[in-house]
Amino acid sequence: GESVGLHLPTLSVQEGDNSIINCAYSNSASDYFIWYKQESGKGPQFIIDIRSNMDKRQGQRVTVLLNKTVKHLSLQIAATQPGDSAVYFCAESSNDYKLSFGAGTTVTVRA
Amino acid sequence: SQTIHQWPATLVQPVGSPLSLECTVEGTSNPNLYWYRQAAGRGLQLLFYSVGIGQISSEVPQNLSASRPQDRQFILSSKKLLLSDSGFYLCAWSVQGAQPQHFGDGTRLSIL
């Protein structure tokens with residue numbers, strides 16, 4: 001079946017460096033993609049989203065890149081901070097009701 | 001601004017007991033509402049979603065049910081809990097027919 005998955009389950013990054021979290025999807029009908037951050041014991045927090053008519057979208061310290069040709073999504077975090085340590089999920093949707101989530105990448109920021 | 005509340009935050013229940021988890025949303029009308037379950041170290045699995053009062057769609061066969069008695073209230077229930085029902089239950093809302101979804105802080109359910 002269709003699925004969303006992440007390339008790496010964990011990522012360790014030095015404080016101040018840039019982080020890149022990758023995600024692959026297989027549903028060619030997906031037209032909406034979103035990144036969430038989840039801290040321990042809390043619900044996922046919206047970071048940034050992108051629709052399939054765009055290749056790139058920027059927020060505050062974050063950038064999402066979408067490559068529809070290879071069905072790849074990435075989240076870039078600039079100048080990673082200790083507060084960025086969390087689990088990051090990508091999710092995709094082919095309608096406006098359901099999101100399909102990947103398994104998550106754990107990001108650890110080293111001081 | 002919109003807020004979403006879930007309670008309780010943690011719950012320990014014996015096998016075979018009933019369950020009722022509640023979720024309410026404030027600051028919006030006619031939202032889409034969702035229940036997810038998250039197993040430890042895993043992604044989120046959609047259990048139910050609702051586009052209006054009394055309208056419930058189930059995504060996976062299971063021991064749970066959902067109800068939406070009011071516009072901004074979503075309830076997750078079970079008549080008899082199983083060990084496999086343990087997990088982290090998350091409620092979410094979105095603007096009707098749109099994304100993104102916004103999550104509550106979840107209920108950690110442990111079945112003994």
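- Taken to the nearest 0.5 Å, the CG atom of A:D84 stands 9.0 Å off from the CD1 atom of A:I21.
- Contacts with chain A (heavy atom to heavy atom, under 4.5 Å) involve these residues of residues 25-38 of chain B, listed by number: B:N32, B:Y34, B:Y36, B:Q38.
- For chain B, no part of A:Q45 is nearby; none of its heavy atoms comes within less than 4.5 Å.
- Only the side chain of A:Y32 comes within contact range of chain B, with at least one heavy atom under 4.5 Å from a heavy atom of that chain.
- Using a 4.5 Å cut-off between heavy atoms, A:I34 touches chain B through its side chain atoms alone.
- Atom NZ of A:K68 sits in a crowded spot, with more than 12 heavy atoms from other residues, nucleotides or ligands closer than 6.0 Å.
- Checking side-chain atoms of A:S93 against main-chain N and O of A:K98 turns up a donor-acceptor pair under 3.5 Å.
- For B:R68, the salt bridge (charged side-chain N to carboxylate O under 4.0 Å, His left out) partners at least two apart in sequence or on another chain are B:D71.
- The CG atom of A:D31 lies 9.0 Å from the CG atom of A:N53; values are rounded to the nearest 0.5 Å.
- Using modelled atom types, no side-chain atom of A:Q81 and backbone atom of A:V109 make a donor-acceptor pair closer than 3.5 Å.
- Judged by distance alone, the side chain of B:T107 and the main-chain N or O of B:P8 form a donor-acceptor pair under 3.5 Å.
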Requested in this report: Carefully, step by step, assess B:E22 and B:Q73 under the rule side-chain hydrogen bond (donor to acceptor under 3.5 Å, both in side chains).
Outcome: CA-CA 7 Å; B:E22 189 160 345; B:Q73 184 185 30; 2.5 Å; yes

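- Taking CZ of B:F48 as the start and CD1 of B:I75 as the end, the distance is 12.5 Å to the nearest 0.5 Å.
- For the side chain to side chain donor-acceptor pair (under 3.5 Å) test, no residue two or more places apart in sequence or in another chain qualifies with A:K37.
- Looking at B:V51, only its side chain comes within 4.5 Å of chain A, counting heavy atoms on both sides.
- Only the side chain of B:E59 comes within less than 4.5 Å of a heavy atom of chain A; its backbone N, CA, C and O stay farther away.
- A distance-only check finds no donor-acceptor pair linking the side chain of A:K56 to the backbone of A:T63 [under 3.5 Å].
- Counting heavy-atom pairs under 4.5 Å between each of B:G104, B:G43, B:A9 and chain A puts B:G43 at the top.
- Interface with chain A: from residues 79-94 of chain B, residues B:F88, B:L90 qualify, criterion being any non-hydrogen pair under 4.5 Å.
- One finds the CD1 atom of A:I48 at 11.0 Å from the CD atom of A:Q60 (value rounded to the nearest 0.5 Å).
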